[in-house]
> 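My questions all concern the structure below.
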Amino acid sequence: MTTRSIFDNISPLDHRYSLRKDEFEDYTKYLSERAKIRYQTAVEAALVKALAEADVCSTEVAQEVEEAVKEIKPQEVYEEEKKTKHNIRALVNCIQQRVSDEAKPYIHFTTTSFDIVDTANSLRYKESAEELIIPTLKRLEEVLMEIALREKETVQIGRTHGQHAVPVTFGFAVAEYVSRLGTRIEAVIESSQQLKGKIAGAVGAYNASHLFFDDPEEFEANVLAELDLEAGIHSTQIVEPEYITDFIHSLVSCFGVLANFSDDMRHLQRTEIGEVGEHFDKDQVGSSTMPHKRNPINYENVKSMWKQFMPRMMTLYQDQISEHQRDLSNSASSRFIPEVIVGLLSATNRLIRTCEKLVVDQQRMEENFNQSKELIVAEPLYILLASLGHPDAHEAVRKLTLEADETGQTLRELIQQKDELKPYWEQLSDKQKKLLINPEQYTGLASEKTEKVVQHWKEKLDIN
């Protein structure tokens with residue numbers, strides 16, 4: 001058995017981003033090489049069990065194989081592969097070495113390598129989604145919901161194109177990501193449930209199994225039912241690649257939502273904005289040379305991880321292409337799929353930890369809002385003027401904003417000084433004038449919408 005320090009590993013996923021013991025153990029259960037071989041042996045065992053149920057072999061043989069596969073170690077499979085130069089044949093040999101002569105013929109009976117490989121991958125990705133990915137994403141969703149509701153009334157200047165726009169609330173801004181993440185969680189759920197297996201033989205036409213079964217498709221369904229999987233409508237030597245493509249796309253697009261949220265949060269930490277902050281431990285250092293620095297490292301890390309794993313979606317699209325019944329051009333590339341999952345999980349767990357301690361500086365939000373407080377009434381003012389029949393309200397208010405910049409006067413002061421505009425001002429109701437005097441109240445349905453969005457996704461995702 002090879003033992004190696006984690007710091008001798010090559011992938012940063014192993015020596016840097018999986019150092020948390022609990023997270024690493026969760027990841028390795030589904031996504032390690034040991035897990036891959038364990039899932040492949042589970043498919044081989046399910047095959048023999050279905051053979052026994054079809055009276056092709058005895059129940060005792062099936063039980064013997066079921067026990068034998070529990071003992072298979074990845075090290076021995078790799079040693080055997082040095083001789084066979086074929087990983088699944090090596091796996092089959094290792095199982096056969098552990099069973100009686102009576103059981104040996106039924107290991108891998110009527111199947112081809114990718115009956116085992118694709119079925120095992122669909123099974124482990126499906127289970128990793130159900131038991132690891134989706135619960136982790138839901139936990140982040142829950143944290144974002146808590147922030148959104150807590151800050152639903154916290155007035156924040158809205159920003160478009162990096163410029164001050166009209167007011168929102170910080171809770172409303174976070175609710176955007178509650179909704180976007182919610183749709184992605186739904187996509188992960190749906191696509192993971194669509195992952196398929198196959199027990200259809202070398203070219204997918206059931207050539208071998210047809211020698212023994214009147215209905216090979218029924219036999220295939222029985223094998224896959226042991227694994228809580230279904231077969232696709234058609235297969236060649238491989239399962240139709242669109243199932244796994246759609247699944248990974250749901251993860252990568254989810255990663256994009258996390259990256260976008262992280263971008264927003266790190267920009268809000270800029271010195272000149274300073275509206276949110278990451279919690280810093282008492283001994284944490286922000287810079288090797290500038291002791292005063294408190295960098296947004298966690299949000300930057302999520303953005304950086306997204307940059308690494310997002311382009312890998314192109315590889316999945318390329319892996320859709322396989323010549324005729326199958327070629328080997330996806331053999332190496334498909335082995336890196338677990339890294340996409342680990343990258344997403346690492347980023348999600350990092351965001352959970354960071355957002356649970358998110359510092360919101362409401363005073364700084366108010367100060368930033370006040371920078372544009374008098375000018376942001378330009379939108380409601382122009383709309384109110386138009387509603388009263390002004391023929392070119394937008395242009396009139398635009399000119400007022402230029403004059404306000406030059407003179408320092410407010411728009412409501414200027415409008416009362418203009419003979420052509422003063423009559424419109426006098427037609428405004430007290431409620432409308434109050435809004436123009438108190439622009440922080442011009443938040444529309446931001447608070448109510450935040451509540452509705454959170455409630456919608458709580459119900460859809462069954463989050464308490």
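The structure presented is a predicted model; accordingly, all values stated were derived computationally and were not measured.
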> Leu375 pairs by side chain to side chain contact (heavy atoms under 4.5 Å, CB included) with which of Thr410, Leu400, Thr401?
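Considering Thr410, Leu400, Thr401, a side chain to side chain contact (heavy atoms under 4.5 Å, CB included) with Leu375 is found only for Thr401.
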> Looking only at non-hydrogen atoms, find the nearest pair between His234 and Thr236 and report the distance.
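Closest pair (atom of His234, atom of Thr236, distance): CE1-CG2, 4.0 Å.
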> Applying the side chain to side chain contact (heavy atoms under 4.5 Å, CB included) criterion to Met365, which one of Val155, Val276, Thr169 satisfies it?
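Filter result, single survivor: Val276.
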> Ion pair present between Arg184 and Glu141, side-chain N to carboxylate O less than 4.0 angstrom?
no
> Where do Tyr424 and His390 land on the ring-ring contact (aromatic ring centres under 6.0 Å, His included) test, with the steps shown first?
CA-CA 8 Å; Tyr424 293 101; His390 192 291; 5.1 Å; yes
> With Glu413, which residues qualify under salt bridge (charged side-chain N to carboxylate O under 4.0 Å, His left out), at least two apart?
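In terms of salt bridge (charged side-chain N to carboxylate O under 4.0 Å, His left out), with neighbours along the sequence ignored, Glu413 is linked to no residue.
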> Could you pull out the closest heavy-atom pair between Phe114 and Gln237, with the gap in Å?
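Closest heavy-atom pair between Phe114 and Gln237: CB-O, 3.3 Å.
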> Which word best sums up how the rings of Tyr317 and His249 line up, parallel for under 30°, tilted for 30 to 60°, or perpendicular for over 60°?
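Taking His249 first and then Tyr317, their aromatic rings sit tilted (interplane angle of 30° to 60°).
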> Pairing donors with acceptors under 3.5 angstrom, does anything connect the side chains of Gln455 and Glu459?
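The criterion, which ignores hydrogens and geometry beyond distance, is satisfied for Glu459 and Gln455.
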> Any chance the rings of His15 and Phe7 have centres within less than 6.0 Å?
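Centroid distance His15-Phe7: not below 6.0 Å, so no.
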> If you measure from the Lys or Arg side-chain nitrogens to the Asp or Glu carboxylate oxygens, is any gap between Glu395 and Arg398 under 4.0 Å?
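Yes, charged N to carboxylate O under 4.0 Å.
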> In chain order, what residues pass the side chain to side chain donor-acceptor pair (under 3.5 Å) check against Arg350, with sequence neighbours excluded?
Asn298, Asn301
> Would you call Lys196-Glu230 a salt bridge at under 4.0 Å N-O?
yes
> Checking side-chain polar atoms at under 3.5 Å, does Asn368 have a donor or acceptor matched by the opposite partner on Glu275?
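Present: a donor and an acceptor within the cut-off.
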> Ignoring hydrogens, what is the shortest heavy-atom contact between Cys254 and Leu344? Give both atom names and the distance.
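Residues Cys254 and Leu344, closest heavy atoms: SG-CD1, 4.4 Å.
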> What distance separates Phe369 CZ from Glu440 CD, expressed to the nearest 0.5 Å?
5.5 Å
> So, Glu25 and Lys21, do they make that salt bridge, N to O below 4.0 Å?
yes
